[in-house]
Amino acid sequence: MKAQIIDGRAVADRIRDQIAVEVSQFIEQHGYAPGLGVVMAGDHAPSATYVRMKRRACERVGITSVVHEMTANSTQAEVEAAIRKLNDDPTIHGILVQLPLPDAIDEEAALTLVSLEKDVDGFHPINIGRLGQKGRDPLFTPATPTGCMVLLEEAGVEISGANAVVVGRSNIVGMPMALMLIKANATVTVCHSRTQDLPSYLKEADIVIAAAGRAHFIQGEWLKPGATVIDVGTNRVDAPDTERGYKLVGDVDFDAALDVAGAITKVPGGVGPMTITMLLQNTLKAAQRSAQKSN
């Protein structure tokens with residue numbers, strides 16, 4: 001039997017429709033829209049694409065967005081000044097520092113500067129610290145791992161008590177993903193480039209989160225039959241027969257995994273749409289929290 005396809009685009013569309021309704025209600029009640037501020041520095045082409053997509057998504061649900069765009073030669077002081085300006089702007093309720101930043105910029109210092117109440121990307125050290133502590137809850141959780149958790153719930157996966165393997169240990173996906181699964185009472189193993197005999201871990205995994213950033217790295221035969229696979233990878237591979245000359249594929253060999261997994265996401269159309277949706281949801285939450293404090 002073929003695996004169930006987890007349609008992230010359909011889930012994201014449904015959640016965005018609800019966000020649009022709540023944003024409209026917020027505007028009617030308070031007289032202004034939730035606002036998202038973005039700080040982007042450098043010439044990283046994928047980042048520019050992501051920011052454009054986020055701005056379009058904001059517009060569609062009624063959220064105001066502002067971008068402070070700087071060059072790869074921007075200084076630490078310039079980046080920090082942009083963040084402070086957004087911190088002080090009462091019309092901005094969420095701040096996103098688009099990663100990666102240029103090598104000359106201290107990423108941790110920049111993220112720490114973001115107001116905790118506006119940290120809609122969930123990367124402030126205090127929010128990450130709360131995520132890693134039992135009995136503590138962050139104000140916001142990172143968008144991509146949060147989207148993965150929603151997709152697991154949509155697929156009807158029982159997370160509590162499950163064996164979960166996260167392949168990848170980045171600050172953006174792998175590490176916060178592992179922490180969120182632990183909070184949901186899964187037994188979690190984090191694998192990475194130095195892991196020996198990766199297939200042996202995957203063979204025991206009820207849940208696989210693939211976030212290694214390597215095209216078709218995880219083979220179908222490595223998976224436990226019936227496992228749920230969330231493929232975070234978005235890798236560009238040559239495809240001369242297509243109009244663009246390339247196509248996007250995940251970290252998992254999708255065709256091979258279809259015959260083994262119980263459920264799996266597609267690339268594209270799986271986790272990607274959920275990431276932006278969770279950012280929109282966090283921005284709305286930030287605006288609602290700010291409005292409550294003002295009352």
Side-chain angles (χ1 to χ4, degrees), residues 16 19 23 26-27 30-128 138-144 146-147 170-173 176 234 272-273 275-291 293-294:
R16 289 189 199 191
I19 291 171
V23 168
F26 183 92
I27 295 171
H30 300 287
Y32 59 88
L36 174 68
V38 180
V39 175
M40 182 174 68
D43 52 7
H44 188 244
S47 290
T49 299
Y50 294 152
V51 168
R52 284 195 299 271
M53 292 170 63
K54 290 166 185 173
R55 294 201 73 178
R56 286 198 297 268
C58 283
E59 184 179 350
R60 287 170 184 159
V61 299
I63 292 175
T64 300
S65 64
V66 175
V67 178
H68 288 258
E69 188 171 351
M70 290 165 280
T71 70
N73 297 321
S74 299
T75 65
Q76 185 80 26
E78 289 171 333
V79 171
E80 292 187 359
I83 295 172
R84 287 192 180 94
K85 184 174 182 180
L86 293 172
N87 278 340
D88 295 338
D89 187 342
T91 68
I92 297 297
H93 306 98
I95 299 173
L96 164 68
V97 178
Q98 182 65 44
L99 302 178
L101 292 169
D103 292 340
I105 304 299
D106 184 333
E107 179 182 297
E108 183 178 1
L111 294 176
T112 302
L113 193 60
V114 174
S115 169
L116 195 62
E117 291 76 16
K118 297 186 178 186
D119 177 39
V120 291
D121 231 7
F123 290 143
H124 191 288
I126 291 179
N127 274 326
I128 290 294
L139 291 179
F140 304 100
T141 54
T144 298
T146 303
S170 72
N171 290 336
I172 297 174
V173 181
T234 304
T275 296
I276 295 178
T277 302
M278 296 300 100
L279 177 67
L280 298 175
Q281 191 172 75
N282 278 350
T283 302
L284 173 60
K285 287 179 181 178
Q288 292 169 332
R289 188 178 289 121
S290 175
K293 284 187 176 182
S294 299

- Message: So, using side-chain hydrogen bond (donor to acceptor under 3.5 Å, both in side chains) as the criterion, who are the partners of N127 when residues are at least two apart?
- Response: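 Partners of N127 by the side-chain hydrogen bond (donor to acceptor under 3.5 Å, both in side chains) criterion, ordered by chain and then number, come out as D119.
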Measure from the side-chain N and O atoms of [X] to the backbone N and O of [Y], and report whether any donor-acceptor pair falls under 3.5 Å.
X    : Y    : answer
E80  : A77  : no
S290 : A286 : no
Q76  : D106 : yes
N282 : T141 : yes
K118 : L86  : yes

Looking only at non-hydrogen atoms, find the nearest pair between [X] and [Y] and report the distance.
X    : Y    : answer
A33  : F26  : C-CE2, 4.4 Å
V23  : P34  : CG1-CD, 4.0 Å
S170 : P176 : O-CD, 3.7 Å
G62  : I27  : O-CD1, 4.0 Å
G37  : I92  : N-CG2, 3.7 Å

Find the distance between [atom1] ([X]) and [atom2] ([Y]) and round it off to the nearest 0.5 Å.
X    : Y    : atom1 : atom2 : result
L113 : H124 : CG    : NE2   : 8.0 Å
N87  : I83  : CG    : CD1   : 7.5 Å
Q281 : R16  : CD    : CZ    : 11.5 Å
N171 : E107 : CG    : CD    : 7.0 Å
I63  : R55  : CD1   : CZ    : 13.0 Å
M40  : S74  : CE    : OG    : 10.5 Å

- Item | F140 vs L116, side chain to side chain contact (heavy atoms under 4.5 Å, CB included): CA-CA, chis, key distance, verdict | CA-CA 9 Å; F140 304 100; L116 195 62; over 6 Å; no
- Task: Would you indicate whether D89, at its atom CG, is surrounded by more than 12 heavy atoms from other residues, nucleotides or ligands within a distance under 6.0 Å?
- Result: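 Above 12, so yes.
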Between [X] and [Y], is any pair of side-chain heavy atoms under 4.5 Å apart?
X    : Y    : result
P138 : I128 : no
Q98  : L96  : yes
D121 : V114 : no
E69  : V39  : no

- Message: Quick test of your reading: applying ring-ring contact (aromatic ring centres under 6.0 Å, His included), list the pairs with at least one residue in residues 68-112, sequence neighbours left out, ordered by first then second residue.
- Response: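 Residue pairs passing ring-ring contact (aromatic ring centres under 6.0 Å, His included), neighbours aside: Y32-H93.
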- Message: Apply side chain to side chain contact (heavy atoms under 4.5 Å, CB included) to residues L279 and V120 and explain how you reach the verdict.
- Response: CA-CA 6 Å; L279 177 67; V120 291; 3.7 Å; yes
- Please report the C-alpha distance between L36 and T64 in whole Å, then the side-chain angles of each, then the deciding distance to 0.1 Å, and finally whether the side chain to side chain contact (heavy atoms under 4.5 Å, CB included) criterion is met. CA-CA 6 Å; L36 174 68; T64 300; over 6 Å; no
- Go through T275 and Y50 one step at a time and tell me if the side chain to side chain contact (heavy atoms under 4.5 Å, CB included) criterion holds. CA-CA 10 Å; T275 296; Y50 294 152; over 6 Å; no
- Message: Hydrogens and angles aside, do T71 and N73 bring a side-chain donor and acceptor to less than 3.5 Å of each other?
- Response: no
